There are 4 protein chains.
Amino acid sequence: MKNHIIPAMVKDERLIAKRRQQIVDGAVQLFIKKGFHKTTTREIARKCNMSIGTMYEYIQNKEDILYLVCDYIHCKMEKKIRRVIAEQDSGMESLVKGFRQLLKVMDEMRSYVLLIYQETKSLPKARMKFVLQNEENITAIFEHILEKGIQDGTINLEPQSVKLMAHNIMVIGQMWTFRYWSLGRFYTIQEYTEQQLNLLISQLIRNRSTSLNSIESDVDFA
Amino acid sequence: MKNHIIPAMVKDERLIAKRRQQIVDGAVQLFIKKGFHKTTTREIARKCNMSIGTMYEYIQNKEDILYLVCDYIHCKMEKKIRRVIAEQDSGMESLVKGFRQLLKVMDEMRSYVLLIYQETKSLPKARMKFVLQNEENITAIFEHILEKGIQDGTINLEPQSVKLMAHNIMVIGQMWTFRYWSLGRFYTIQEYTEQQLNLLISQLIRNRSTSLNSIESDVDFA
Amino acid sequence: MKNHIIPAMVKDERLIAKRRQQIVDGAVQLFIKKGFHKTTTREIARKCNMSIGTMYEYIQNKEDILYLVCDYIHCKMEKKIRRVIAEQDSGMESLVKGFRQLLKVMDEMRSYVLLIYQETKSLPKARMKFVLQNEENITAIFEHILEKGIQDGTINLEPQSVKLMAHNIMVIGQMWTFRYWSLGRFYTIQEYTEQQLNLLISQLIRNRSTSLNSIESDVDFA
Amino acid sequence: MKNHIIPAMVKDERLIAKRRQQIVDGAVQLFIKKGFHKTTTREIARKCNMSIGTMYEYIQNKEDILYLVCDYIHCKMEKKIRRVIAEQDSGMESLVKGFRQLLKVMDEMRSYVLLIYQETKSLPKARMKFVLQNEENITAIFEHILEKGIQDGTINLEPQSVKLMAHNIMVIGQMWTFRYWSLGRFYTIQEYTEQQLNLLISQLIRNRSTSLNSIESDVDFA
DNA sequence: CATGAATGAGTATTCATTCAT
DNA sequence: GATGAATGAATACTCATTCAT
């Protein structure tokens, strides 16, 4: 977390972290249910069992809370995704594992991701940069995987398209959250995942003789 | 336009259409610059050279304006895209033309699309439905193209993936608007279009012997 | 009617009277249902099938409408009450007939009277005077009856109390409208009338040997 | 006071009572001078040396203020009237004392009572019920007195007319406020009181041999 | 460090009235 | 005479933020 950017009235770093987590936990629920603008600071304070006065000891304004929330969500996502990436795996193996995990996370955190997605714009320019940067960090995971795959020969992709492909992968994940209102009517998350994976692979191999099934899914959708 | 849904205090239908266009024209600019929430009704009225009183003769509340704006944008997009689709073209031809046009439109209307994207959630539930429906109408254009291509044999895609692929296409278009902050640093719209097109085609043909170049681009990016 | 006080943009006196009656008819219903303040001029115009523009040709402002309404109600009440007063009757006979008629009218026009009662204060000072004067005119009917009764010996009352008694009688009538929420639970209008009449008479006779029953009620409560 | 019904944003009960009194004190004056509808919340806040924000911490909407005012007035009236009623007095004695005190209070609080009278209808239904209930509580005082008088033989009244008579007494009091524009021209409050008392007594005794003068007035009109 | 009462600028919306057609 | 679109002052209420205790 880069919370350090947000100044607090209180010194005790340990306390700051604890209280901010409290704030984030309370705020997320409210933001998801009502949106950032329609949630009042009073509500947030009440939700996290804090007086408004106390809350303002740990933040400077309402937007700070949104920032903390976005940051928290991104960190959690990133951690969850990195967990399945192993050094020893080939590029393609990592890709498949990473992709499946990405979609698993997107499904689990659907409303959270949607939140970031819809409210980021409410952040002041400077803060927005940081949030977008977080996003780009996650995108970078897939860039690295693709590059590794190109080098070890398991992935076939022109270097100039690496960035683009990484973005595409991220967006395939995100669209499950922001187009769920339509996609959810036609596909389960498993179906969605495997079909998108098939389409994705078809872009990354020279010929489709390589079977996906050779790479076992160690992602189980709860 | 389904504006008819919004009741007006004024009877003259001609006038209603005219004034509402005035309102939309003024509001879009402000919404794009400041966002829906931070734009005041007074500002909107001033921008479109109307008194607030007059404005409220043609709408019922601020959200109506947002709805009118979203509706207007979607209609414009749909019209522009349909323009390049010709009956006599093969599925694949239509797809390529449609895709290129989609991206051209997305680039031209970048901030407009972004607006819809970020503010749709501010609409009341009922109104949101309509906006999402509009979106789905555009997606349906590509569904039809894909189906046509499957039938005439120019496109290779499993039927169950048609809907998914149509969504993917739409999202490839939209992501140019909402990830422009990153994509715009690495690609021009032409580069973006052609690379995405290449990736797309690779998913829709049995073998890559068919060259894209055979389908000339009649889309010029102004 | 002293409508003449209210200037109109239109000349034709016949038309003025007709249109103003139209306005009054529409307005009364609305005022009764929603009160003066919560009724809009637009609603009134719509209710009486007139454009607002036209309506304003016959009045100068919203308060004028209230005035017209009050005036109309008072005139109607006065006419109805005077109808049962006959020259040849004794004072006491007139009193009983007048009283019973007063209560009949109050019951029939309950919501109308209540309206005057609650909204008179919304009139500008000058207009209020006129309305109160109308009220006093009706009160004066009973003053005259009481004086006649004193002179012909059928009513026993000190001259200094005549005015007071006339007011009391009016108020007995009015309270049926503004305390109906309570009185209506315990008494029918007939019970209310006869009990109040009994009490009233007991104040106006030297000894109670005179029976009320000798004066027949020619008022039938529909 | 049943203020507890009105929720406040502030917790300290002591403070709530104090601030609400402040609000009532400021509001009454304005309501009396301009009426409820023509008084703005800003004016009220200014009058009671509070920011609007602060004021709204203690009420929920403008109507709440009106309710508080009505409640306050009724409570004050009731207390003042009850003060002169003594256990050991006979029914008739209580009645005379109570009646004189009622009129004294009505005179002192003339504009306050008039206010309740004219603005109660501006309250939302539920609140209006409470106010009317308060009114009925005061009326009940006189009901009890009348019943006592009937039992101890000092008052002669048919049981079925008790409720009616109690209402009549209340209305005799109230009419001094809402017909003061006319009554005030002819009677002082003392004259009004004694004449009405005489008329009242004439309804409540079998023969008029009993002299009122035997019951001394301990009400002095300041 | 914690509290929560105080603040007041800011906003959507209404509605009586006018006046050009 | 009739119409109804245009006007904009006026108003109730909210809510992020502060600061004395």
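Chain letters run A, B, ... following the sequence lines, proteins first and then strands; every chain starts at 1. A quick note: this is a predicted structure, and the numbers were derived from the prediction, not measured. Both backbone and side-chain heavy atoms feed into the values below; hydrogens, waters and symmetry mates do not.
Nearest nucleotide to the C:Arg19 side chain, out of F:dT7, F:dG1, F:dA2: F:dA2.
Base pairing analysis places E:dC19 opposite F:dG4; the two distances defining the Watson-Crick or G-U wobble pair are each below 3.5 Å.
Counting any heavy atom pair closer than 4.0 Å across all strands shown, C:Arg46 reaches no nucleic acid atom.
Comparing D:Gly53 and D:Thr40 by the nucleotide of DNA chain F whose heavy atom lies nearest to each, the residue mapping closer to the 5' end is D:Thr40. Each of B:Tyr56 and D:Glu57 was assigned the nucleotide of DNA chain E with the nearest heavy atom; the assignment lying further toward the 5' end belongs to D:Glu57. Toward the 5′ end of DNA chain F lies the nearest nucleotide of B:Val10, the other residue of the pair B:Val10 and D:Thr39 mapping further downstream. For D:Lys11 and B:Ile52, each mapped to the nucleotide of DNA chain E holding its nearest heavy atom, the one lying further toward the 5' end belongs to D:Lys11.
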Take D:Arg127 and D:Leu132 through the side chain to side chain contact (heavy atoms under 4.5 Å, CB included) test and state the conclusion after the steps. CA-CA 9 Å; D:Arg127 287 284 153 77; D:Leu132 295 180; over 6 Å; no
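Atom CZ of D:Arg20 and atom P of E:dA6 are 13 Å apart (whole Å). As rounded to whole Å, 17 Å separates atom P of F:dC15 from atom CG of A:Asn61. In this entry the distance linking NZ of C:Lys62 with P of E:dT18 reads 15 Å, nearest Å.
Here B:Tyr58 reaches the OP1 or OP2 of F:dA6: one of its side-chain N or O atoms lies under 4.0 Å away. OP1 and OP2 of F:dC15 both lie 4.0 Å or more from every side-chain N or O belonging to A:Thr41. Side-chain N/O atoms of B:Thr54 include none lying less than 4.0 angstrom from OP1 or OP2 on F:dA6. At the phosphate of F:dT14, neither OP1 nor OP2 sits under 4.0 Å from any side-chain N or O atom of A:Arg42.
The pair B:Glu57-C:Arg42 counts as a salt bridge, with a side-chain nitrogen and a carboxylate oxygen less than 4.0 angstrom apart.
With hydrogens and angles disregarded, a donor-acceptor distance shorter than 3.5 Å links the side chain of D:Asp64 to the backbone of D:Gln60.
In this structure, C:Lys62 forms a cation-pi arrangement with C:Phe36, its terminal cationic atom sitting closer than 6.0 Å to the ring centre and no more than 45° off the ring axis.
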